Amino acid sequence: MYGKIGTKYPIWIMLIGAILLFTYYTFRPNQYTHPYEAQVDSVLSQMTLVEKIGQLNHLKGNYSTDIYEQDTDLEEEIQQGRVGALTPFVDLDQLIAWQKLAVEESRLGIPLLYAADVVHGYRTIFPVPLAQAASWDLKAIEQADRIAATEMSAAGLHWTFAPMVDISRDPRWGRVMEGAGEDPYLGSCIAEARVRGFQGDDLLQSNTVIACAKHFAAYGAPEGGMEYNTVDVSERRLRELHLPPFRASVDAGVATLMNSFNVVAGVPASSNDLLLKQILRKEWEFTGFTVSDANSLHEVIPHGVAANRKEAAYQCFTAGSDTDLWGQVYVESLEELVKEGAISEVDIDRSVRRILRYKFELGLFDDPYRYFDTVRLQQTLRRPEHLEAARSLARKSFVLLKNDNQLLPFQPAQYERIALIGPLGNSREYKDLIGNWSGFANPDDLTTVYQGLKEALDTTVKLDTASGCRAFGNCPEAMIEQARRVAERSDVVVLAVGENGYNTGECASRADISLPGNQEELIKVVAATGKPIVLLLFTGRPLELTDILNDVSAIMVCWQPGTEAGLAVADVLLGDHAPQGKLPMTFPYHQGQIPIYYSHLNTGRPRQGPEDTRWGVSKWSDVPNEPLFPFGYGLSYTTFSYSPPTLSQTQLSADDTLKIYTTVTNTGQTDGTEVAQLYIRDQIATVSRPVKELRGFQLVTLAPGASQSVTFQMTVEDLKYWTREMQYAVEPGNFSIFVGGNSQDTQTVSFSLMDDQ
Ligand code: BGC
């Protein structure tokens with residue numbers, strides 16, 4: 001219709017148009033030019049459709065039989081270029097053999113990517129992530145993952161399925177052990193630190209791996225805390241609570257994100273275009289690739305939104321899921337869908353590009369074998385400095401909840417006879433103390449509490465042990481009786497109780513979060529001897545401790561501390577180090593309070609404290625409103641005081657930085673580290689705002705009698721939230737600031753944000 005170029009418009013208009021177009025495409029926002037784009041294009045241009053789809057196919061790299069059993073011939077698939085990544089559970093020789101097959105025998109020689117769940121260490125096992133969060137020590141957490149990356153990359157792995165950044169306020173959910181707890185601010189700081197730890201500054205370094213923020217999204221909010229259950233959250237809650245750690249991971253440059261198993265408001269996360277396209281790609285401009293959760297693309301069928309595997313593939317791919325972990329729905333259906341015109345090859349190319357870029361960034365096209373080096377492997381695993389870092393982080397993660405009459409710390413020769421009682425005191429069931437999601441751990445590496453204490457105590461001290469009962473399930477009365485006799489003849493009792501390693505993790509939801517089996521009975525029987533008791537709680541989640549609180553003098557939450565468990569416990573029990581952890585998740589008074597969290601809304605009828613017994617206020621009639629131990633809580637062997645907080649200004653303008661000052665003093669007799677915490681409350685907003693929200697924290701180490709002034713800084717960015725119109729914005733008005741050592745015991749000061757935005 002328009003004929004040849006130039007016949008309709010004068011040449012100068014065409015020229016200006018061309019310049020404008022060139023300028024637009026060069027400088028438009030979101031323009032993403034990857035350093036390896038030319039190489040990626042060149043590989044892509046040689047690939048057949050089948051080979052492209054192969055890059056989106058991620059298979060298991062072992063021959064285990066479970067619900068994901070593959071009936072494919074793995075080697076044949078590799079040779080045909082029909083697989084892009086593996087989750088191998090094999091030795092280095094096998095990894096090399098498969099890579100060789102991919103590189104030397106497939107048509108284009110595209111290297112494989114090897115992935116694994118290295119969640120809290122590879123062979124040096126650090127405390128479980130929830131415990132790490134209790135340290136609030138971002139540097140130590142980053143260092144833990146730097147070490148995990150160093151070890152796993154030496155073992156030939158390129159990609160970890162970590163960090164898990166799901167926020168959860170339901171301790172019945174077994175996977176709370178894998179995350180950073182209940183708070184999105186703390187969770188975001190930790191997510192960022194962990195991504196940096198794994199990925200380092202330069203993926204070309206052979207001791208870095210690509211990370212994966214999972215599970216996108218809202219997986220931490222299953223109804224009733226039951227694994228894989230329905231999630232139905234408002235968009236506000238999604239954006240305010242569940243998404244911030246993912247956003248922080250993306251901003252920190254995370255390479256990959258993993259879908260979650262759940263639905264969000266009826267739409268499975270794997271086929272959820274609001275999450276995968278609108279939020280992840282458009283709003284956050286994420287340039288990495290997404291991976292499904294294990295078989296989660298196929299699972300849109302039982303979710304009831306796809307009739308068959310082909311429909312599942314279509315829905316998930318068009319919603320924005322790039323790669324298929326173990327489900328093989330893409331490799332089975334995408335080719336046909338492209339040929340039918342339902343999916344465009346351009347879209348396939350886009351996903352393939354995202355994966356190829358990382359294969360280039362990791363240096364695998366230059367040297368596909370660069371991660372395979374037996375000598376490096378031997379020299380890397382469990383190096384002394386790795387063990388020291390794991391032991392130190394375990395110590396920092398312990399949370400002292402109670403210490404009546406300063407029972408702790410013990411002096412090495414203070415007691416002649418110590419009884420170590422409980423199913424977890426000398427357990428060599430390695431997951432018990434090492435914790436779940438530690439697939440590459442060697443149980444022989446574990447130092448039990450018994451071993452740790454034995455090594456640290458003076459040789460004159462007699463250390464008697466009795467398991468007393470089983471960690472899970474019932475036990476014969478004789479076991480408890482034997483423990484009672486051991487307690488009877490001791491000067492002091494250390495009770496090592498809690499959950500075994502399999503009680504937490506995936507598919508380990510519990511409806512009852514009190515101590516499992518006969519453990520409460522054991523505590524009561526031992527308490528009846530009248531001996532002073534220190535309770536060491538090994539757990540991957542908050543438990544309900546109310547019934548045994550008064551039976552013991554001291555409680556220290558040790559979580560699941562990893563391979564160096566016993567050494568770290570001895571360090572703290574014997575006072576070489578003071579406990580410094582603070583709870584990253586509320587410990588309920590009663591499990592009927594769940595979900596219970598510090599940053600709740602006020603309600604229209606707020607209770608005015610525990611003494612408020614009026615009818616018509618928001619409360620339970622049979623249990624207190626308060627938890628047993630609040631978020632941010634934890635004692636030391638010393639005590640700290642805070643001066644009343646002061647502000648640099650009481651009226652804030654848009655460009656100002658508010659400074660909040662307090663002085664922390666060590667008011668006790670020993671060295672200690674305090675986590676000073678800062679919370680805010682937006683007093684009047686267009687929607688109801690939480691009574692407190694964490695906005696800052698700092699670790700302060702002080703000698704007895706010493707003081708340190710602490711300054712927090714806040715800008716208008718820290719006051720933004722999702723307004724009634726769902727804009728991420730700030731509204732002028734009055735704000736309160738709270739400073740203190742936990743979310744409950746704080747001192748307050750106020751300021752106003754001026755209306756000059
Ligand atoms: C879990 C993921 C994990 C994957 C691979 C799934 O069951 O939800 O967190 O990365 O398995 O092991």
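Along the sequence shown, residues are numbered consecutively beginning with 1. The structure displayed is predicted, hence computed values, not measured ones. Both counts, for ligands and for their atoms, begin at 1 and track the order of listing.
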- Task: Below 4.0 angstrom from a heavy atom of M258, which ligand 1 atoms are there? Numbered from 1 as shown, please.
- Result: 2 (C), 10 (O)
- Message: Using a 6.0 Å distance limit plus a 45 degree cone around the ring axis, check whether K214 lies over the aromatic ring of W437.
- Response: yes
- Query: Short N/O distance, under 3.5 Å, between E178 and ligand 1?
  - Reply: no
- Message: Does any N or O of ligand 1 fall below 3.5 Å from an N or O anywhere on R175, backbone included?
- Response: yes
- Output all residues satisfying salt bridge (Lys or Arg N to Asp or Glu O under 4.0 Å) with K396, sequence neighbours left out; order by chain, then residue number. D137
- Can an N or O of W326 be found at a distance shorter than 3.5 Å from an N or O of ligand 1? no
- Quick one: does W437 get an N or O within less than 3.5 Å of an N or O on ligand 1? no
- Task: Scan S271, S321, S270 and name whichever one has a side chain to side chain donor-acceptor pair (under 3.5 Å) with S296.
- Result: S270
- Message: Check contact between M164 and ligand 1, using heavy atoms of the residue and a distance below 4.0 angstrom.
- Response: no
- Query: Among all residues two or more places apart in sequence or in another chain, which pass the salt bridge (Lys or Arg N to Asp or Glu O under 4.0 Å) test with K310?
  - Reply: E336, E340
- Taking atom types as modelled, find out whether K359 and Q55 have a side-chain donor-acceptor pair closer than 3.5 angstrom. yes
- At a 4.0 Å threshold, what atoms of ligand 1 neighbour a non-hydrogen atom of H215? 2 (C), 8 (O), 9 (O)
- Message: For F440 and F89, take the angle between the two ring planes, folded into 0 to 90°, and tell me which bin it lands in: parallel under 30, tilted 30 to 60, perpendicular over 60.
- Response: tilted
- Task: Can you sort out which atoms of ligand 1 are near K214, meaning under 4.0 Å from one of its heavy atoms?
- Result: 2 (C), 3 (C), 9 (O), 10 (O)
- Message: Under a 4.0 angstrom heavy-atom cut-off, which atoms of ligand 1 come close to F261?
- Response: 6 (C), 7 (O), 8 (O)
- Message: Given N295, V291, D293, identify the one with the heavy atom nearest to atom 8 (O) of ligand 1.
- Response: D293
- Message: Please verify the inter-ring angle class for F372 with H158; under 30° counts as parallel, over 60° as perpendicular, anything in between as tilted.
- Response: tilted
